[in-house]
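No experiment lies behind these values; they were computed from the predicted model shown. Just follow the structure's listing: the first ligand is 1, and inside any ligand the first atom is 1. Numbers here are sequence positions counted from 1.
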Amino acid sequence: MGARRSPLLWRTWISGASSGIGEALARELAARGCRLALFARREAELVRIRGEILARRPDAEVLVQPGDVTDRRRVGEAIRAAEAAFGGLDVVILNAGTGDSLFPDRFDAGLVERITRVNYLGAVYAIEAALPGMLARREGRIAGMSSISAVRGLPGAGPYCASKAALSTFLESLRVDLRGRGVGVTTVSPGFVRTPLTDRNRFPMPFIQPADRAARRIVEGIRRGRREVCFPRRLTIPARCLRFLPAGLYDWLMSFAARKGYSKAPEGGGEG
Ligand SMILES: NC(=O)c1ccc[n+]([C@@H]2O[C@H](COP(=O)([O-])OP(=O)(O)OC[C@H]3O[C@@H](n4cnc5c(N)ncnc54)[C@H](OP(=O)(O)O)[C@@H]3O)[C@@H](O)[C@H]2O)c1
């Protein structure tokens, strides 16, 4: 095992651990000796993942915590149960997320509400529950799964982009507020990762990468105490440059990309 895969031994809580990046994070962290609390709605999937981890590493400690991140009380209960089982939490990974397309002819505020509650408020509820313990011990790290989509409003993806932008901005404020208090904040902004969420996309996804590779990059970023983990660079650097384009030029470029098929089709899809 090289330096990149050194043991970590974190006591870790992960939301959205039942598939995709969350599942890959659980496997990567378990392989590195972390104790895990896995939170998501699909209990059967969490049980399957725990079974697979234990088959490889019988000494692993894996708590299965079924629940919905939009349920503030349940999120609080789960985090307190994980703290009690492990004697505290070193890392909390706010990974649960969802996405769907929204177009003007079928505008639905309910969809915006649902995505906001999962991607943004769900993370806020977990922060509310985890912060007191971390502040009391003056150590810990909160890692939030934002997205490259947070940089600007992408066509057909308003609810998703806005929820991720809200999360990124919130985590940035929190990071500054926590300066000197022993608790770090990492904002993770990946490009496209192959998961059930992106399997639904019908448009080209440049530089898409497997979930296990994404998980390794995220864990390494957390280990190094990075404020931001953005990858792959060949996508995230140009995407970040979009921020500096004037609105007119941005609109023209996005319309061009949509005409070329680099965008959501009105029949719906996942995000990334
Ligand atoms: N894949 C990408 O290209 C990409 C890129 C950038 C950012 N991200 C972000 O990465 C995170 C993981 O996404 P993924 O691609 O791995 O998708 P995924 O395979 O669909 O995983 C989403 C996870 O979130 C959980 N989840 C959804 N709604 C939930 C709720 N209300 N309560 C609790 N858990 C909930 C799901 O579990 P249950 O259904 O069992 O609840 C699942 O475990 C998301 O925040 C996503 O926005 C993904």
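- Close contacts between ligand 1 and Ala96 involve ligand atoms 24 (O), 26 (N), 34 (N), 35 (C), 45 (O) [criterion: under 4.0 Å to a heavy atom].
- Residue Ile21 approaches ligand 1 through these ligand atoms, each under 4.0 Å from one of its heavy atoms: 10 (O), 16 (O), 48 (C).
- Heavy-atom neighbours of Arg152 CZ from other residues, nucleotides or ligands within 6.0 Å: above the threshold of 12.
- In this structure, of Gly97, Pro196, Gly16, Ser18, the residue bringing a heavy atom nearest to atom 22 (C) of ligand 1 is Gly97.
- Between Thr98 and ligand 1, a contact under 3.5 Å exists for no N or O pair.
- With ligand atoms numbered from 1 in the order given, ligand 1 contributes 10 (O), 11 (C), 12 (C), 44 (C), 45 (O) to contacts under 4.0 Å with heavy atoms of Asn95.
- Some N or O of Thr195 is nearer than 3.5 Å to an N or O of ligand 1, by distance alone.
- Looking at Arg48 and Glu23, a side-chain N of the basic residue comes within less than 4.0 Å of a carboxylate O on the acidic one, giving a salt bridge.
- Using a 4.0 Å heavy-atom cutoff, Lys164 is listed among the residues neighbouring ligand 1.
- The Thr198 neighbourhood of ligand 1 comprises atoms 1 (N), 2 (C), 3 (O), with distances under 4.0 Å to a heavy atom of that residue.
- With a 4.0 Å heavy-atom cut-off, ligand 1 is reached by the backbone of Leu197 and by its side chain too.
- Ser168 places no side-chain N or O within donor-acceptor distance of the main-chain N or O of Ala165, the cut-off being under 3.5 Å.
- Contact check on Glu28 versus Arg32 returns a salt bridge, with a Lys/Arg side-chain nitrogen under 4.0 Å from an Asp/Glu carboxylate oxygen.
- Here the CD atom belonging to Glu139 is positioned 14.0 Å from the CZ atom belonging to Arg181, to the nearest 0.5 angstrom.
- Residue-to-ligand polar distances place Val193 within reach of ligand 1: an N/O pair is separated by less than 3.5 Å.
- Between Tyr125 and Val69, the shortest heavy-atom distance links the atoms CD1-O, 3.2 Å.
- Taking all heavy atoms of Val188, Asp68, Asn201 into account, the minimum distance to atom 31 (N) of ligand 1 is reached by Asp68.
- Counted within 6.0 Å of CZ on Arg137, heavy atoms from surrounding residues, nucleotides or ligands total more than 12; the atom is thus considered enclosed.
- For Met145, the closest heavy-atom approach to ligand 1 falls below 4.0 Å.
- Salt bridge annotation for Glu52-Arg27: present, with a cationic side-chain nitrogen under 4.0 angstrom from a carboxylate oxygen.
- Using a 4.0 Å heavy-atom cutoff, Ser146 is listed among the residues neighbouring ligand 1.
- Each of the following atoms of ligand 1 lies closer than 4.0 Å to a heavy atom of Ala17: 43 (O).
- For the residues Phe231, Phe39, Phe192, Tyr160, the heavy atom positioned nearest atom 8 (N) of ligand 1 is part of Tyr160.
- A salt bridge is defined here as a Lys NZ or Arg NE, NH1 or NH2 lying under 4.0 Å from an Asp or Glu carboxylate O, and Arg74 with Glu77 meets this definition.
- A donor-acceptor pair is defined here as one N or O able to donate and one able to accept, closer than 3.5 Å; such a pair exists between the side chain of Asn119 and the backbone of Thr98.
- Atoms of ligand 1 found under 4.0 Å from any heavy atom of Gly67 (numbered from 1 in listed order, with element): 32 (N), 33 (C).
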Applying side chain to side chain donor-acceptor pair (under 3.5 Å), run through Trp13 and Gln65 and close with a yes or a no.
CA-CA 10 Å; Trp13 188 86; Gln65 299 189 316; 2.8 Å; yes

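- Per-residue contacts place Gly20 under 4.0 angstrom from the following atoms of ligand 1 (heavy atoms of the residue considered): 16 (O), 19 (O).
- Residue contact annotation: Ala24 has no non-hydrogen atom under 4.0 Å from ligand 1.
- Any N or O atom pair closer than 3.5 Å counts here, and Val69 shares at least one such pair with ligand 1.
- Taking the six-membered ring where tryptophan is involved, the planes of Tyr120 and Phe170 are perpendicular, since the angle between them exceeds 60° and thus also 30°.
- Contacts between Ala211 and ligand 1, counted as non-hydrogen atom pairs separated by less than 4.0 Å, are absent for every part of the residue.
- Taking 4.0 Å as the cut-off, Gly191 counts as a neighbour of ligand 1 on heavy-atom distance.
- With respect to the salt-bridge test (charged N to carboxylate O, under 4.0 angstrom), the residues Glu45 and Arg50 do not qualify.
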